[in-house]
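What follows is a set of notes on a single structure, which appears directly below.
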Amino acid sequence: MDEYTLLLVDDEEEVIQAILKKIDWKGLGFSVIGHAGNGVKALEMIEEFQPDVVMTDIKMPYMDGMELSKHIREEYSETKILIFTGFDEFEYAKEALHLEIEEYVLKPLNAAELTQVLTKLKLKLDAEISDKRNVEILQKYYMESLPFLQMNFYSSLIEGRIREEEIPKYLAEYRIAFTGPFFCCLVIHTSHRQTAQEIDHQLLTTSVHKQAKEYLGEQWKAKSFSYLDDFVVIVQLEHENVMSELTDKCDRFCRYARRIIGAVVTIGIGQVCTSVMELPKSYSSASEAVSYRVIYGTGRAVNIREIAPQETKNSKETNDAGLAQLFQSIHLGIEEDILKAADTYFEQVFFNVTSLQQHHIAVMELVSALYRFAADNDIACEEFSGEIRELYGSLLNMEIQELLEWLRDISLRFQIQIASVRYKSTRTFISKAIDYICSHYMEEELFLDRVCEFLGVSNSHFSSTFKKETGKSFITYLTDYRMEKAAHLLIETNEKSYMIARKVGYADPNYFSYVFKRKFGVAPSKYRTEYAESEKERNSYDKKAIST
């Protein structure tokens, strides 16, 4: 700083003038902004000019120097205070140490002594300014690096590398608001293979990430970051029952990304948790959900809870990464990956044992894990339907290669069973939807949202599954069902068209007629007339045939 400002306070004008003339203020780095004859006037000037230094006498009318110093400390804590005083006031002044006076200078003032005091004060002010500026620079650097610190924190969090007692400290230091009360991980995967060759994949991925932050950020209080080859979003939920809404929102984003950005995006939605410490489990299930794109297709949202409810309930995590990979491969149903995962697990575990006891323990752990997996996934397998000790005994007597072949075979059979269970589950799901349509088709307010709420699934998952299994969209199926019912009523009753329209869920008879004609090619009244005429002709033909 070039110059520091200073205010002189003394009720003796000649003292003020002497101080002004004796000191080379500019040479010392100070600028005197004015002088006051008492503490009251000085406070007014301090408020107006905010001087860096106040140099004051003690004895003054209206407000003495000690009272002035007290006000300065309370209201302008950064201002430095110099007191000059007579010898008889010195001991009195020393009593005010709590006011943090910079220096006491005895009258009569000596130019050399005062110059020395001001020089020391200048050095102190320079050091403080330098420190403040350094803090400002550090604060600027910290704010610039904050996004990277936050990303590192999020990555460490989903990897389970942060202890629970450390969480509050990191949240405060990194300025992160995790209010929850529910949390869920999303994994956003941008396809490499399904991108136009002329589009740079890195730029496309960056665009997807930016759009995802804007699309999901505010509503879901999202925290997002790049992780491995994907983009992870931690969303915060007010209630657990908004998961269907979140899934639909993610599904709409996938369609938006393909239409606007030209990217094929799949979003995996993990399990809901009530603590940030459970986010590793949510991330793992979201990552697994993305893997299901090989079964359910890309360019959509995949909620792990919806696609494989029977596979996630009561599941017990295994500490063995090899088994976890094997079980995931079985879920996905790709034979090559299943056999590879079985071989990898076997190589890691059984080819490294050095004693018979270790071999027996490995066999027992393998069978236990397979048994739990079969039970959790409703797999009926003859090996696990009998006495478990007999299975242990049989496996312990196998040679190492024979045991590997058994593991490969049982894994493939598990995959077939899971596919069958999944198919039955889907058929049950669709059957419930069709039953609901049959029971409520006459209600005008029967919409997709209502059926999904009844089934407890998202619109996106229901729509894709329903069309895949029935060959029709929900609205097409409902409309066709209503029209078939209307056709029967036209034939079997004499009711007016507007009454039949109400009975099949249409409040507007004109719209009912429009839909009916689109389906059957003729208006309801003509349909009834043509059917009556055809019946009359058929009866006439039958009578002639009988008479001949």
Side-chain angles (χ1 to χ4, degrees), residues 284-285 287-297 302 304-353 359-431 465 468-469:
S284 178
S285 58
S287 183
E288 181 182 354
V290 166
S291 300
Y292 273 89
R293 65 187 183 276
V294 300
I295 297 176
Y296 293 98
V302 184
I304 192 68
R305 185 178 65 174
E306 292 181 344
I307 61 167
Q310 74 280 1
E311 296 165 15
T312 58
K313 66 181 181 181
N314 300 323
S315 61
K316 183 175 181 180
E317 289 185 275
T318 175
N319 293 324
D320 192 296
L323 272 179
Q325 183 60 46
L326 174 59
F327 292 155
Q328 182 175 346
S329 300
I330 292 172
H331 279 311
L332 296 177
I334 302 174
E335 181 175 339
E336 181 181 351
D337 291 345
I338 294 171
L339 297 178
K340 182 179 178 181
D343 291 347
T344 300
Y345 167 75
F346 210 84
E347 182 177 351
Q348 291 173 346
V349 177
F350 287 93
F351 288 164
N352 291 323
V353 297
H359 178 78
H360 287 181
I361 292 173
V363 170
M364 293 173 66
E365 289 177 348
L366 172 61
V367 172
S368 297
L370 290 171
Y371 188 85
R372 284 195 301 269
F373 182 79
D376 290 343
N377 290 277
D378 297 328
I379 295 174
C381 186
E382 58 271 18
E383 269 95 341
F384 297 97
S385 59
E387 177 60 51
I388 195 71
R389 282 179 295 185
E390 293 181 8
L391 178 59
Y392 278 134
S394 174
L395 296 177
L396 290 173
N397 289 324
M398 288 183 180
E399 295 183 4
I400 196 72
Q401 192 60 37
E402 187 182 3
L403 183 60
L404 172 58
E405 291 301 323
W406 176 86
L407 177 59
R408 289 162 61 101
D409 177 68
I410 200 72
S411 298
L412 292 175
R413 281 190 282 158
F414 276 5
Q415 183 272 319
I416 295 171
Q417 286 279 350
I418 281 182
S420 176
V421 170
R422 186 182 291 133
Y423 177 76
K424 290 178 182 177
S425 176
T426 301
R427 293 306 304 166
T428 301
F429 167 81
I430 299 302
S431 296
T465 306
K468 182 178 179 181
E469 294 299 323

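The first residue of the sequence shown is numbered 1, and numbering continues consecutively from there. Model, not experiment: these values are computed from the prediction.
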*Quick one: do Ile430 and Thr465 satisfy side chain to side chain contact (heavy atoms under 4.5 Å, CB included)? Show the steps, please.*
CA-CA 8 Å; Ile430 299 302; Thr465 306; 4.0 Å; yes
*Just do the side chain to side chain contact (heavy atoms under 4.5 Å, CB included) check on Leu395 and Leu366 with the steps written out, would you?*
CA-CA 10 Å; Leu395 296 177; Leu366 172 61; 6.0 Å; no
*Taking side chain as C-beta onward, heavy atoms only, is Leu332 less than 4.5 Å from Gln415?*
no
*Without hydrogens or angle criteria, can the side chains of Gln325 and Thr344 be said to hold a donor-acceptor pair below 3.5 Å?*
no
_Gap between atom NE2 of His360 and atom CD of Glu365 - 0.5 Å precision_ = 13.5 Å
_side chain to side chain contact (heavy atoms under 4.5 Å, CB included) assessment of Asp343 paired with Leu404_ = CA-CA 7 Å; Asp343 291 347; Leu404 172 58; 3.5 Å; yes
*Aromatic ring pairing Phe373/Phe327, orientation class (parallel under 30°, perpendicular over 60°, tilted between)*: parallel
*Could you state the interatomic distance from CD1 (Ile330) to CZ (Arg413), rounded to the nearest 0.5 Å?*
11.5 Å
*How many angstroms lie between OG in Ser329 and NZ in Lys340, if you round to the nearest 0.5 Å?*
9.5 Å
_Tell me the closest heavy-atom pair linking Phe346 and Leu407, and the distance in Å._
CD1-CD2, 3.9 Å
*Measure the CD1-CD distance between Ile334 and Gln328 for me, rounded to the nearest 0.5 Å.*
10.0 Å
*For the atom pair CD1 (Ile338) and NE2 (His331), what is the distance rounded to the nearest 0.5 Å?*
10.5 Å
*asked:* Working to the nearest 0.5 angstrom, can you tell me the gap between Leu323 CG and Tyr345 OH?
replied: 4.0 Å
